[in-house]
> 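Have a look at this one.
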2 protein chains.
Amino acid sequence: MEEERADAARNRKAILEATDELFANSDSPGEVSMDDIARAAGVGKGTLFRRFGDRRNLIQQVYAVRLAPLREQIEKGPAPLGPASPPRERVSAIIDAIAVVKLENAHLMLALEGGSGPTNDLYESTDYVAVHGLLRDLVASEFGKSRASWIAHSLLANIRADLLGYLVNGEGMSHSDIRSSLRDFVAHTLDH
Amino acid sequence: MEEERADAARNRKAILEATDELFANSDSPGEVSMDDIARAAGVGKGTLFRRFGDRRNLIQQVYAVRLAPLREQIEKGPAPLGPASPPRERVSAIIDAIAVVKLENAHLMLALEGGSGPTNDLYESTDYVAVHGLLRDLVASEFGKSRASWIAHSLLANIRADLLGYLVNGEGMSHSDIRSSLRDFVAHTLDH
DNA sequence: TGACAAACGGACTGTCGGTCCGTATCATGA
DNA sequence: TCATGATACGGACCGACAGTCCGTTTGTCA
């Protein structure tokens, strides 16, 4: 890894922060343009694209920051999220925790899942693949292998950003309403 | 309803057919532009927009044509899709039938659900609201009212166009694999 | 401090959804 | 059949946006 020049580091930080804030305050992710982000970060557009390549990747970087603590917990934290946790409870805890992150970062998540790009690659993104694989493996011992994969997809489908957003804004559910319905649903899904 | 002039009728038909075909043959819905459609239909762009208002609505009209037979079956057809069918089987049949339509019209469905527009309004679309309401009512007697709504969302989340597309293209599942996994899943979801 | 690599920034490009308006076509009734 | 008004046509045009290019500035290090 090469050393990063001081101005480059400063700008990268400014861009990430500006992006985060702009999405958080926007009504819809589509109304935040790359020009907006560049202006808010006090940076030229060229800098933005040189650093992050394209819009999707920029959003993904911001998201990675937000997700880091959860990832840490899941990978090496204590129960119920960590590896020592019994599979059932771990699955349930992971789904709940992801839902919380998505509820707290609704606009950002929508920007990412909503697929601004032409290719819809949510299911091919490394994050999705990783969490799907983990969930699948956790339920594989109780259900068949192929059944486990389906269940993992299904659980994740229940916490898609746009669905959560609709439940909040369209049906007026509170975060705790959603979490408790979700908990029931996951429990039922994992029952035989 | 006003009478439609002969050339207008001819053009509307040409546009709908061209749109259907272009989406069916495209790799990704994003690569079909309104100019492409106008050219393929042998029509000016103005005509396209005068007739259909905007891209989303045009796609929705094409989709409506494809969906009409299923809608007919559900509204007034015989069991298992029609109103006379016992709720459980009806729910299962409806989910299966929708999945089939989506699998057969994958590109079109992706264009519609993928939300080319800035506003993600899948959950507010009349079609979604209608089918969600129907499913909810069908399971409401067995589950609580609010629980029923969640289950309906959940069932529909399992047959989102992009998920189905990924199962086919990314995981190499056949249509019948998917339908049978889905059938099992729905049955389990509706079990107490 | 000088010199060069690295980074900057904003004008520029290509494309797309959607609009506008002068022109062509259809329907009607005399 | 033809005049006439209403309706529809079509493609040049517009504004916005993601992404590129390159002349200019800035940081680094000897």
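Each chain gets a letter, A, B and so on, in the order the sequences are listed, and its residues count up from 1.
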> I'd like to know if Lys145(A) and Asp137(A) make a salt bridge, using a cut-off of under 4.0 Å between side-chain N and carboxylate O.
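The answer is no: the pair does not qualify as a salt bridge.
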> On the side chain of Arg5(B), is there an atom forming a donor-acceptor pair with the base of dT7(D) - under 3.5 Å, no angle test?
yes
> Anything under 30° is parallel, anything over 60° is perpendicular, the rest tilted; go ahead and classify Tyr123(B) against Tyr128(B).
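Perpendicular.
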> Give the rounded distance in Å between these two atoms: CD1 of Ile37(B) and P of dG10(D).
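Interatomic distance, CD1 of Ile37(B) to P of dG10(D): 15 Å.
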> Would you kindly give the CG-to-C1' distance between Asp7(B) and dT7(D), to the nearest whole Å?
8 Å
> Measure from the side chain of Val43(B), starting at C-beta and using heavy atoms only, and say which of dG18(C), dG10(C), dG10(D) lies closest.
dG10(D)
> Could you check whether Arg10(A) gets within reach of a base, just the sugar-phosphate, or nothing at all, counting any heavy atom under 4.0 Å?
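The residue Arg10(A) makes sugar-phosphate contact but no base contact.
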> Using a cut-off of less than 4.0 Å, is there contact between a side-chain N or O of Arg55(B) and OP1 or OP2 of dG17(C)?
yes
> Mapping Ala8(B) and Asp35(B) to their closest nucleotides on DNA chain D, which lands nearer the 5' end?
Ala8(B)
> Could you tell me the separation between the CD1 atom of Ile15(B) and the C1' atom of dC9(D), rounded to a whole number of Å?
11 Å
> Specify the separation, in whole Å, of atom CZ of Phe52(A) and atom P of dA18(D).
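The distance from CZ of Phe52(A) to P of dA18(D) comes to 15 Å, rounded to the nearest Å.
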> Identify which nucleotide among dC17(D), dA8(D), dG19(D) has an atom closest to any side-chain atom of Asp54(A), counting heavy atoms from C-beta outward.
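Of the candidates, dG19(D) comes closest.
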> For Arg51(A) and dA7(C), what is the distance between atoms CZ and C1' respectively, to the nearest whole Å?
7 Å
> Has Glu21(A) got more than 12 heavy atoms of other residues, nucleotides or ligands less than 6.0 Å from its CD?
no
> According to a strict under-4.0 Å criterion, is Asn11(A) in side-chain N/O contact with OP1 or OP2 of dC8(C)?
yes
> Please report the distance, rounded to the nearest Å, between CG in Leu58(B) and P in dC16(C).
16 Å
> Please determine whether any donor N or O and acceptor N or O are separated by less than 3.5 Å between the side chain of Lys45(A) and the base of dA11(C).
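Not at all, since no donor on one side and acceptor on the other fall under 3.5 Å apart.
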> Can you name the closest pair of heavy atoms from Leu134(A) and Arg90(A) and give their distance?
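Minimum heavy-atom contact is CD1-NH1, 4.1 Å.
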> Mind calculating the distance between CD (Glu4(B)) and C1' (dT25(C)) to the nearest angstrom?
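Answer to the nearest Å: 15 Å.
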> More than 12 heavy atoms of other residues, nucleotides or ligands under 6.0 Å from CZ of Arg71(A): yes or no?
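No, not enclosed.
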> Within this structure, what is the CZ-to-P distance between Arg12(A) and dC8(C), rounded to whole angstrom?
11 Å
> Between Ala6(B) and Ser33(B), who's closer to the 5' end of DNA chain C by nearest nucleotide?
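The residue whose closest nucleotide sits nearer the 5' end is Ser33(B).
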> Base, sugar-phosphate or nothing for Thr47(A)? Non-hydrogen atoms, less than 4.0 Å.
base
> Establish, with yes or no, whether the OP1 or OP2 oxygen of dT19(C) is under 4.0 angstrom from a side-chain nitrogen or oxygen of Arg50(B).
no
> Side chain of Met34(A): nearest nucleotide among dG17(C), dC26(C), dA18(D)?
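Per side-chain heavy atoms of Met34(A), the pick is dA18(D).
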